[in-house]
Amino acid sequence: MRNQNNVFYRIVDPDSWLRRAKVSGFFLSFPAGLHQKITLTPMLTLQYLRNHKNEAVERLKIKNFDAETLINEILELDQYRRSIQTENDGKLSLLNKTSKEIGRLFRTGKKDEAEAGRRQVGTLKDEIKQLQQELLETEDKIHDLLIRIPNVPHPDVPEGKGAEDNREIRRGGDLPSLHGNSLPHWELGTRYGILDFELGNTLTGAGFPVFMGKGARLVRALITFFLDEAEKAGYYEIIPPLMVNEASAYATGQLPDKEGQMYTIPSENFYLIPTAEVPVTNLYRDQILEETKLPVKATAYTPCFRREAGSYGKDVRGLNRVHQFDKVEIVRIEKPENSYAALEEMINHVESLVRKLELPYRIVKLCGGDISFTSALTYDFEVFAAAQKKWLEVSSVSNFGSYQANRLKLRFRDNNSRKTRLAHTLNGSALALPRIIAALLENKQTEKGIRIPEVLIPYTGFAIID
RNA sequence: GGAGAAAUGGCAGAGUGGUCGAAUGCGGCGGUCUUGAAAACCGUUGUCCGCUUAUCGGCGGACCGGGGGUUCGAAUCCCUCUUUCUCCGCCA
């Protein structure tokens with residue numbers, strides 16, 4: 001299952017990464033009813049904190065996060081943990097030696113000496129038991145603290161509190177001048193019979209729109225167009241499951257924090273994916289890739305399911321915010337030294353898409369207050385929906401550095417040193433459909449109907465919706 | 001859903017209480033040979049943590065699906081969970 005640039009390994013044992021995670025010292029209690037132990041959440045590596053404490057503290061201020069006390073506490077516990085392990089390993093070593101000796105004595109018939117040895121190890125075992133208990137507890141404490149630290153932002157991330165402080169990088173495309181009777185997309189949908197929100201209401205509930213006729217065809221055209229473009233750009237297509245288990249949801253960070261955002265299948269303990277990122281990234285859990293196999297470039301189209309709990313009001317009209325939508329995602333696994341170049345490349349790819357769709361767009365670099373917990377650097381793409389006179393976010397492209405990879409145990413083997421190193425992971429939407437459709441409908445409306453962008457006509461089979 | 005079998009290193013596959021991190025084969029890497037390649041032969045080959053080390057490395061510990069137990073000692077015995085396979089039932 002491989003092609004030139006991309007390698008996909010079967011996940012042989014989904015639990016093995018957990019096993020290793022335990023060995024490497026981080027371990028967490030798990031939710032009731034969950035039989036597999038699970039390492040939670042992505043995080044910075046201890047090694048990074050040991051060596052770059054000041055850098056981490058400084059940069060995290062951009063995210064409005066004061067990490068100093070936390071990191072100090074972690075480093076102290078880390079030192080303590082290591083001292084315990086050293087002691088414990090020494091005692092284990094002694095126990096191992098003694099056990100071997102006893103075996104030898106038994107075999108050579110020196111039964112009395114063997115029995116004496118047997119009695120001797122009693123206290124040793126007690127001590128070991130105690131040390132191991134302490135070790136586990138300390139590891140838990142360290143982990144609990146570690147997961148509270150967000151990813152360290154890239155130096156380029158601007159300061160700021162919220163969306164208003166994001167920095168616009170560039171814009172493109174022309175703002176359309178609409179005719180006098182122009183309508184917002186939800187009314188256009190009804191007028192042309194291509195999109196119905198009421199029907200979805202009947203079938204399921206609010207936020208589950210129904211596309212029909214040319215509207216349905218447009219959705220399918222966009223999906224195929226995006227996938228074709230991704231493939232041309234060297235991405236390898238995946239069709240993943242739309243439901244994932246808890247371990248996967250933990251591994252990419254949807255659990256435990258964003259549990260309320262996902263739909264659940266209680267009978268199976270599954271989650272409907274909120275993005276293809278979850279199954280696609282999990283394909284690479286606990287892997288050691290040869291450096292020559294990098295970069296891995298994967299793409300996937302999936303429906304996405306989001307509860308969007310707690311969001312309601314004016315901004316959520318029509319397609320602006322829905323519970324089920326279609327999205328093509330691109331995912332990359334890179335060597336650390338290449339990851340920011342890869343991020344640029346992804347941005348250019350997404351930009352080419354909105355350009356080809358003839359949509360006015362802007363690219364913004366998220367500020368420290370708006371960037372996600374796990375991201376090091378994020379760019380958002382927004383397109384302008386002319387009837388609503390609103391910028392709508394259609395893509396978010398992020399570099400997670402090694403933060404996700406650390407949790408995923410996703411490594412590669414360095415060609416020169418032959419050592420394993422954490423890879424960098426990146427992902428981005430390319431693109432999310434509903435808001436693209438909203439902007440297309442609104443911006444391309446004319447007195448005669450809605451014009452289809454040139455590039456899509458081969459996919460839709462028609463040039464106008466009327 | 002019912003009955004049975006199984007889970008060991010990159011893969012295949014030995015191993016039923018100590019000398020087993022684990023035979024053997026394949027694959028991978030290095031070398032000999034060759035104009036080059038193949039074949040043949042020789043050597044090497046897991047991950048993680050800790051201690052030590054300028055570096056190469058050395059030493060200790062853990063890992064044979066997950067968790068727990070018995071034992072001086074567990075891949076090997078016991079309990080439990082998960083997964084896979086075979087047969088039956090159901091099914092697009």
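Below, chain A is the first sequence line, B the second, and so on; all start at residue 1.
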With no hydrogens and no angle check, do the side chains of [X] and [Y] hold a donor and an acceptor under 3.5 Å apart?
X: A:Thr425; Y: A:Gln404; value: yes
X: A:Ser396; Y: A:Asp380; value: yes
X: A:Ser375; Y: A:Thr378; value: yes
X: A:Tyr48; Y: A:Asn406; value: no

> Closest approach of A:Arg285 and A:Asn282, non-hydrogen atoms and distance?
Replying inline: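 Heavy-atom minimum between the residues: NH1-OD1, 3.0 Å.
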Going by purine N1 to pyrimidine N3 plus the second Watson-Crick contact, or the G-U wobble pair, all under 3.5 Å, which nucleotide sits opposite [N]?
N: B:C64; value: none
N: B:G21; value: none
N: B:G73; value: none
N: B:C91; value: none
N: B:U35; value: none
N: B:G9; value: none
N: B:G30; value: B:C42
N: B:U55; value: none

Taking the same atom, [atom1], in [N] and in [M], what whole-Å distance lies between them?
N: B:C85; M: B:C29; atom1: P; answer: 32 Å
N: B:G27; M: B:C11; atom1: C1'; answer: 7 Å
N: B:G46; M: B:U55; atom1: C1'; answer: 24 Å
N: B:A12; M: B:G18; atom1: C1'; answer: 28 Å
N: B:G17; M: B:G31; atom1: C1'; answer: 41 Å
N: B:A38; M: B:A74; atom1: C1'; answer: 46 Å
N: B:U80; M: B:G4; atom1: P; answer: 14 Å
N: B:A75; M: B:U19; atom1: P; answer: 9 Å

Whole angstroms only, please: what is the [atom1]-[atom2] distance between [X] and [N]?
X: A:Lys125; N: B:G73; atom1: NZ; atom2: C1'; answer: 9 Å
X: A:Arg50; N: B:C51; atom1: CZ; atom2: C1'; answer: 13 Å
X: A:Ile128; N: B:G73; atom1: CD1; atom2: C1'; answer: 12 Å
X: A:Lys409; N: B:C48; atom1: NZ; atom2: C1'; answer: 9 Å
X: A:Asp286; N: B:C48; atom1: CG; atom2: P; answer: 10 Å
X: A:Leu92; N: B:C48; atom1: CG; atom2: P; answer: 21 Å
X: A:Glu87; N: B:G50; atom1: CD; atom2: C1'; answer: 13 Å
X: A:Lys129; N: B:C72; atom1: NZ; atom2: P; answer: 13 Å

> Could a donor-acceptor pair under 3.5 angstrom be found where the side chain of A:Asp89 meets the base of B:G61?
Replying inline: no
Name the closest nucleotide to the [X] side chain, picking from [options].
X: A:Arg413; options: B:G61, B:G46, B:C51; result: B:G46
X: A:Arg411; options: B:C72, B:G61, B:C48; result: B:C48
X: A:Ile288; options: B:U47, B:C56, B:G50; result: B:U47
X: A:Arg82; options: B:G61, B:C49, B:C51; result: B:C51

> Are the ring centres of A:Phe400 and A:His424 closer than 6.0 Å?
Replying inline: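 Here the rings of A:His424 and A:Phe400 have centres that are no less than 6.0 Å from each other.
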Check nucleotides 17-23 of chain B against the protein and report each pair of N or O atoms closer than 3.5 Å, with its distance, or say if there are none.
unit_1, atom_1, unit_2, atom_2, d
B:G18, N2, A:Ser99, O, 2.7

> When you match A:Lys419 and A:Lys97 each to their closest nucleotide on RNA chain B, which lands nearer the 5' end?
Replying inline: A:Lys419
> Taking for each residue the nucleotide of RNA chain B with the nearest heavy atom, is it A:Ser83 or A:Gly117 whose nucleotide lies nearer the 5' end?
Replying inline: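 The answer here is A:Ser83.
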>> What residues from residues 70-80 of chain A pass a heavy-atom cutoff of under 4.0 Å to RNA chain B?
In response: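 Result for residues 70-80 of chain A: none.
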>> Please determine whether a side-chain nitrogen or oxygen atom of A:Thr86 lies at a distance below 4.0 Å from atom OP1 or OP2 of B:G61.
In response: no
>> So does A:Asp89 get a backbone contact from the side chain of A:Ser93, meaning a donor-acceptor N/O pair under 3.5 Å?
In response: no
Look at the rings of [X] and [Y] and say which category their plane angle falls in: under 30° parallel, 30 to 60° tilted, over 60° perpendicular.
X: A:Tyr235; Y: A:His349; answer: tilted
X: A:Tyr263; Y: A:His323; answer: perpendicular
X: A:Tyr403; Y: A:Phe373; answer: perpendicular
X: A:Tyr340; Y: A:His154; answer: tilted

> Among pairs that include at least one residue of residues 189-212 of chain A, which meet salt bridge (Lys or Arg N to Asp or Glu O under 4.0 Å), considering only residues two or more places apart or in two chains?
Replying inline: none
> What is the nucleic acid contact for A:Asn96, judged by heavy atoms within less than 4.0 Å: base, sugar-phosphate only, or nothing?
Replying inline: sugar-phosphate
> Looking for any heavy atom pair under 4.0 Å, which part of the strands does A:Thr420 touch: base, sugar-phosphate only, or nothing?
Replying inline: sugar-phosphate
